[in-house]
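Index from 1, following the sequence.
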Amino acid sequence: MNISVLGCGRWGTFIAWYVNKVGHNVTLWGREHSRNYIRLKETRKNDYLSLPEDIELSNSLYRAVSSAEFIIISISAQELRSFARQLSSLNEIQGKTFILCMKGLEATSGKRLSQVFGEAVGKNIDVAVWVGPGHVQDFVNNIPNCMVIGSEKY
């Protein structure tokens, strides 16, 4: 399965690493000038893990979205609405399933992130939320953890 992870911070990079580890083709997207993206592009490492060579790094949002069936978003919760508006301008989002991998509520509205995403991109987009306790260092060291994916549709 082709999966893109949008956001290359600590959690997004871990999710890309994990999804690749369980056998999927992964593209990890980051903003061209972000420190995290530049470091990953230069070293393929962050403070917790090394990315395998078969994870594609990209700063093209179009490429990351168009190449995947499932799109995992791992960015700051407070940036989700504006980022989702940016995504909504891409025709390639149709027919994709988006998985929000962040926690919190939108501070200005108090809304759940799935609500924020639905308002910004439209109600006809499939969206799920992937959350759970745990820390990247626990997962990469094979310490058992639990995570949950929930959706109104599935």
Chemist: Could you tell me which non-hydrogen atom of Ala64 sits nearest to which non-hydrogen atom of Leu6, and how far apart they are?
Modeler: CB-CD2, 3.8 Å

Chemist: To the nearest 0.5 angstrom, please state how far the CG atom of Asn46 sits from the CG atom of Leu51.
Modeler: 7.0 Å

Chemist: Taking Ile125 as the fixed residue, which of Leu87, Thr97, Ile93 is the one that meets the side-chain contact (heavy atoms from CB on, under 4.5 Å) rule?
Modeler: Ile93

Chemist: Show me the pairs that pass side-chain hydrogen bond (donor to acceptor under 3.5 Å, both in side chains) and involve residues 63-85, at least two apart or across chains.
Modeler: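 The answer is Glu56-Arg63, Arg81-Glu106, Arg81-Glu119.
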
Chemist: Locate the shortest heavy-atom distance separating Gly7 from Leu28; write the atom from each residue and the value.
Modeler: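 Looking at all heavy atoms of both residues, the closest pair is O-CD1, 3.5 Å.
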
Chemist: Just do the side-chain contact (heavy atoms from CB on, under 4.5 Å) check on Val121 and Phe98 with the steps written out, would you?
Modeler: CA-CA 11 Å; Val121 300; Phe98 287 84; over 6 Å; no

Chemist: Is any side-chain heavy atom of Met1 closer than 4.5 Å to a side-chain heavy atom of Val22?
Modeler: no

Chemist: Decide side-chain contact (heavy atoms from CB on, under 4.5 Å) for Ser50 and Arg44; before the verdict, give the C-alpha distance in whole Å, the side-chain angles of both, and the deciding distance to 0.1 Å.
Modeler: CA-CA 6 Å; Ser50 295; Arg44 299 196 66 84; 6.0 Å; no

Chemist: With Ile99, which of Ile72, Val129, Val127, Asp126 fulfils side-chain contact (heavy atoms from CB on, under 4.5 Å)?
Modeler: Ile72

Chemist: ring-ring contact (aromatic ring centres under 6.0 Å, His included) for Phe14 and Tyr48? Distances and angles first, verdict last.
Modeler: CA-CA 8 Å; Phe14 161 72; Tyr48 300 100; 9.6 Å; no

Chemist: Are the aromatic rings of Trp29 and Phe83 close, with centres under 6.0 Å apart?
Modeler: yes

Chemist: Before you tell me yes or no, could you show the steps for Thr13 and Asn36 under side-chain contact (heavy atoms from CB on, under 4.5 Å), namely the whole-Å CA-CA distance, both residues' side-chain angles and the distance that decides it to 0.1 Å?
Modeler: CA-CA 9 Å; Thr13 301; Asn36 292 331; 5.9 Å; no

Chemist: How many angstroms lie between atom CG of Leu105 and atom CG of Leu80, to the nearest 0.5 angstrom?
Modeler: 12.0 Å

